[in-house]
Amino acid sequence: MTKKDYRSYSVGQLIQAFLDVSLSQSHAVDEDDHGRYNRLVDDYLALVDELRLRKGDQRRVLRTLFDHIKPQVRLNAAIATLAVLPDEARETLRLIHARREYPQAADAIGLLNALERGTYIPE
């Protein structure tokens with residue numbers, strides 16, 4: 001699959017695309033469609049990279065998604081912002097786990113444990 005080019009997108013369009021990808025992943029999780037979920041990871045990563053490359057590292061704008069109703073959206077936003085908003089991102093991951101919002105809660109606690117052990121270092 002070819003990596004999508006998001007360079008012409010405004011920051012607002014990037015946020016919307018991030019939300020759309022995250023909601024599509026949420027739907028794939030609900031339907032147990034691992035293939036579709038995995039195909040969407042490339043778009044997720046491309047969006048995070050594009051926000052990171054923008055002047056001042058615009059990943060911070062994803063903070064607006066920390067309160068979204070869907071745990072997949074919050075999980076994706078938290079992971080994407082760990083390097084720039086570490087405390088808020090970790091708290092978002094903790095809440096997903098504390099609320100037992102599975103299957104995302106398993107990813108959240110796994111990532112929190114990896115951060116604690118130092119086996120995952122956000123960039």
Side-chain angles (χ1 to χ4, degrees):
M1 181 177 269
T2 305
K3 184 177 174 181
K4 188 162 183 179
D5 187 354
Y6 291 104
R7 289 179 291 183
S8 66
Y9 282 44
S10 69
V11 171
Q13 289 172 316
L14 291 170
I15 295 169
Q16 185 60 52
F18 187 93
L19 177 59
D20 292 344
V21 165
S22 297
L23 289 171
S24 293
Q25 283 183 319
S26 181
H27 188 68
V29 167
D30 292 345
E31 293 188 348
D32 207 25
D33 188 345
H34 303 289
R36 181 169 182 230
Y37 180 94
N38 290 336
R39 286 188 297 277
L40 290 162
V41 170
D42 288 337
D43 284 332
Y44 163 82
L45 293 172
L47 286 159
V48 173
D49 283 346
E50 186 59 36
L51 286 164
R52 182 181 52 79
L53 293 171
R54 295 289 173 103
K55 185 177 180 177
D57 192 338
Q58 294 297 307
R59 289 179 288 178
R60 284 177 182 78
V61 299
L62 297 174
R63 195 268 166 250
T64 61
L65 301 177
F66 285 0
D67 296 321
H68 196 277
I69 193 168
K70 293 288 189 178
Q72 186 66 44
V73 174
R74 287 182 272 126
L75 177 70
N76 284 356
I79 293 169
T81 59
L82 277 166
V84 293
L85 298 170
D87 294 336
E88 290 178 81
R90 284 176 190 237
E91 182 59 22
T92 300
L93 294 171
R94 281 187 202 98
L95 284 172
I96 292 168
H97 179 254
R99 292 175 182 157
R100 298 180 178 174
E101 297 176 292
Y102 288 99
Q104 292 83 5
D107 292 334
I109 194 63
L111 187 53
L112 286 167
N113 288 336
L115 288 163
E116 185 70 29
R117 288 189 311 268
T119 56
Y120 178 76
I121 299 169
E123 300 179 3

Same apolar cluster: [X] and [Y], side chain cutoff 4.5 Å:
X      : Y      : result
Tyr37  : Val73  : yes
Leu65  : Val11  : yes
Leu47  : Ile79  : yes
Ile109 : Tyr102 : no
Leu53  : Val48  : no

When rounded to the nearest 0.5 angstrom, what distance separates [atom1] in [X] from [atom2] in [Y]?
X      : Y     : atom1 : atom2 : answer
Leu112 : Glu91 : CG    : CD    : 9.5 Å
Leu62  : Thr92 : CG    : OG1   : 11.5 Å
Ser24  : Asp33 : OG    : CG    : 11.0 Å

Would [X] and [Y] pass as an ion pair if we require N to O under 4.0 Å?
X     : Y     : value
Asp87 : Arg90 : no
Asp67 : Arg63 : yes
Arg36 : Glu31 : no

Looking only at heavy atoms, which two atoms of [X] and [Y] are closest? And how far apart?
X      : Y      : result
Ile96  : Leu75  : CD1-N, 3.6 Å
Leu93  : Ala108 : O-CB, 3.4 Å
Tyr9   : Gln13  : CA-OE1, 3.3 Å
Tyr44  : Asn76  : OH-O, 3.3 Å
Ser10  : Arg54  : C-NH1, 4.1 Å
Pro122 : Ala83  : CB-N, 3.7 Å

Notebook entry, point to check: Picking from Gln72, Arg74, Lys70, what satisfies side chain to side chain donor-acceptor pair (under 3.5 Å) with Glu101?
Noted result: Arg74
Any side-chain heavy-atom pair of [X] and [Y] under 4.5 Å:
X     : Y     : value
Thr81 : Phe66 : yes
Val41 : Gln25 : yes
Leu14 : Gln58 : no
Asp57 : Leu51 : no

Next item on the list: Decide yes or no on side chain to side chain contact (heavy atoms under 4.5 Å, CB included) for His68 and Leu23, but give the supporting numbers first.
Entry: CA-CA 10 Å; His68 196 277; Leu23 289 171; 3.9 Å; yes
Check: Does Arg100 CZ have over 12 foreign heavy atoms under 6.0 Å away?
Finding: no
Note to self: Walk me through whether Phe18 and Val61 qualify under side chain to side chain contact (heavy atoms under 4.5 Å, CB included).
What the structure shows: CA-CA 11 Å; Phe18 187 93; Val61 299; over 6 Å; no
